[in-house]
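Here it is: the structure, laid out below.
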Amino acid sequence: MEFIKYHAASNDYLVYTGALPFGLSSAEISRTCDRHRGLGADGILVPVLAPAEMPSVIIYNTDGSQAEKSGNGLRIFCRFLWDRGHVSAGEFQVRTAGGVVSCQVLDEGRSVAIHMGRAQFPDKDLPELTVEGRALQLNPVSMGNPHCVIFVQQPDELVARSLGPIIEHLEHFPNRTNVQFVQVIDRNNLEVRIWERGVGYTQSSGTSSCAAAAVSRRLGLVDPEVNVHMPGGVIQIVLDDDYEILMQGPVCRVGSYSLDPECLV
Ligand SMILES: N[C@H](CCC[C@H](N)C(=O)O)C(=O)O
């Protein structure tokens, strides 16, 4: 099975380049993404390219679940389309389970800008919750996929790994949720650590960057242009007055890989 690996701000995905149907089970997807017994990745992207139709992509988390949207995954998919000559330097559209997005490859493929759609907030706020002895204010928001933004004094890997899995599975989130731990640095900069639904702790996340910026903006904590700082890199977010979001960030091709079926046994 052939793949091309890319990373977007150190959030890495394997792009499947074989024939459809893709056919891996959830367990096989987990094994393929395993960093010791497989190729290693934060997920798999399966392109669906039909003549005269909009390119679409199926996004798999490492647990085999499908995600409605992935900001880093979409930047990688756009770069893949550009590398393969399916798109040129202008704007083009891509279909995901979470809706159609408008994209543009920049800087000779090293950066991609995507109109990610509108951040959507629930009708009512969630109550304050005590988790592991900490009083937390949960701020749900959807980018097509579910997110929960939590403001903390010191967003670090420890808090993401200790609280993230608990919040991911709270009853408030029937489809589970991605979780962001956010510190407002100033009106144009956020420091964020991420626990991803169906993946775990990752170095960065595009939809999480959108979510953190949207909630921060809604609370009046930041200006419309926000740099989201994460261990894997910085993603630029621009919000309009209706919380429509333009995201821009880096992409890097890593290499081509052939998965030996033996490792799936
Ligand atoms: N784990 C996410 C999908 C990937 C999100 C992240 N890698 C991004 O760049 O947005 C979910 O289940 O909604």
Side-chain angles (χ1 to χ4, degrees), residues 5-15 26 29-30 33 35 40-46 56-80 94-99 101 103 111-120 140-149 160-161 164-165 167-170 172-182 190 192-215 226 228-237 245-252 254:
K5 183 191 266 196
Y6 295 80
H7 79 82
S10 307
N11 188 207
D12 55 348
Y13 281 85
L14 293 162
V15 180
S26 292
I29 288 169
S30 294
C33 293
R35 296 196 183 280
D42 286 335
I44 292 177
L45 304 175
V46 177
S56 67
V57 60
I58 305 169
I59 302 161
Y60 289 100
N61 291 315
T62 56
D63 70 353
S65 62
Q66 288 189 32
E68 303 84 347
K69 213 178 268 185
S70 167
N72 288 332
L74 277 165
R75 293 207 313 281
I76 286 171
F77 182 56
C78 291
R79 167 66 190 273
F80 167 78
V94 166
R95 188 183 306 284
T96 72
V101 291
C103 315
S111 179
V112 177
I114 301 180
H115 290 275
M116 290 291 289
R118 189 163 58 85
Q120 297 187 302
V141 59
S142 172
M143 284 306 301
N145 58 346
H147 295 271
C148 181
V149 175
R161 288 185 182 276
I167 295 157
E168 176 188 359
H169 294 87
L170 286 177
H172 306 294
F173 304 107
N175 298 315
R176 300 185 291 168
T177 187
N178 299 279
V179 191
Q180 298 80 30
F181 299 90
V182 180
L190 297 176
V192 177
R193 296 298 181 271
I194 292 132
W195 178 266
E196 276 198 40
R197 175 182 66 167
V199 184
Y201 183 74
T202 61
Q203 297 295 300
S204 80
S205 164
T207 51
S208 291
S209 300
C210 297
V215 169
V226 185
V228 180
H229 302 261
M230 299 158 283
V234 182
I235 291 176
Q236 288 84 28
I237 301 294
I245 293 182
L246 175 62
M247 170 198 71
Q248 183 172 338
V251 181
C252 175
V254 175

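Each ligand, and each atom within it, is numbered from 1 in the order the structure gives.
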Handout entry: Under 3.5 Å: donor-acceptor pair, side chain of R79, backbone of C252
Key = no
Fill in the blank from the handout: Restricting to heavy atoms, the pick from N72, N61, N11 nearest atom 7 (N) of ligand 1 would be N11
Completion exercise
atom 6 (C) of ligand 1 has as its nearest protein heavy atom S205 OG, 3.2 Å
Exercise for the section: Determine, using heavy atoms of K69 and all atoms of ligand 1, whether some pair is separated by less than 4.0 Å. Expected result: yes
Exercise for the section: For R197 and N175, indicate whether the former's side chain and the latter's backbone hold a donor-acceptor pair under 3.5 Å. Expected result: yes
Exercise for the section: Measure the distance from atom 5 (C) of ligand 1 to every protein heavy atom, then report the residue, atom name and distance (to 0.1 Å) of the closest one. Expected result: E196 OE1, 3.5 Å
Handout entry: Between Q248 and S111: side-chain donor-acceptor atoms closer than 3.5 Å
Key = yes
Handout entry: Presence of salt bridge, K5 and D42, under 4.0 angstrom
Key = no
Handout entry: Structural part of N178 in contact with ligand 1, heavy atom criterion under 4.0 angstrom
Key = side chain
Problem - Atom indices of ligand 1 within 4.0 angstrom of N145 heavy atoms, with elements - result: 11 (C), 13 (O)
Handout entry: Shortest non-hydrogen contact between G206 and M247, atoms and distance
Key = CA-SD, 3.8 Å
Practice task
Considering the heavy atoms of G206, write down every atom of ligand 1 situated less than 4.0 Å from one of them.
Solution key: 8 (C), 9 (O), 10 (O)
Problem - Y13, portion touching ligand 1 at heavy-atom distance under 4.0 Å - result: side chain
Exercise for the section: Verify, without hydrogens or angle tests, whether N178 (side chain) and P146 (backbone) share a donor-acceptor contact under 3.5 angstrom. Expected result: yes
Exercise for the section: For A67, counting its heavy atoms only, list the atoms of ligand 1 lying under 4.0 Å from any of them. Expected result: 3 (C), 11 (C), 12 (O), 13 (O)
Handout entry: Nearest-neighbour protein heavy atom for atom 10 (O) of ligand 1, which is reported as residue plus atom name and distance
Key = T207 OG1, 2.6 Å
Practice task
Please check if any side-chain donor atom of T207 sits under 3.5 Å from a side-chain acceptor atom of N145, or the reverse.
Solution key: yes
Handout entry: S208, any N or O under 3.5 Å of ligand 1 N or O
Key = no
Problem - N61 side chain vs D63 backbone, donor-acceptor pair below 3.5 Å - result: no
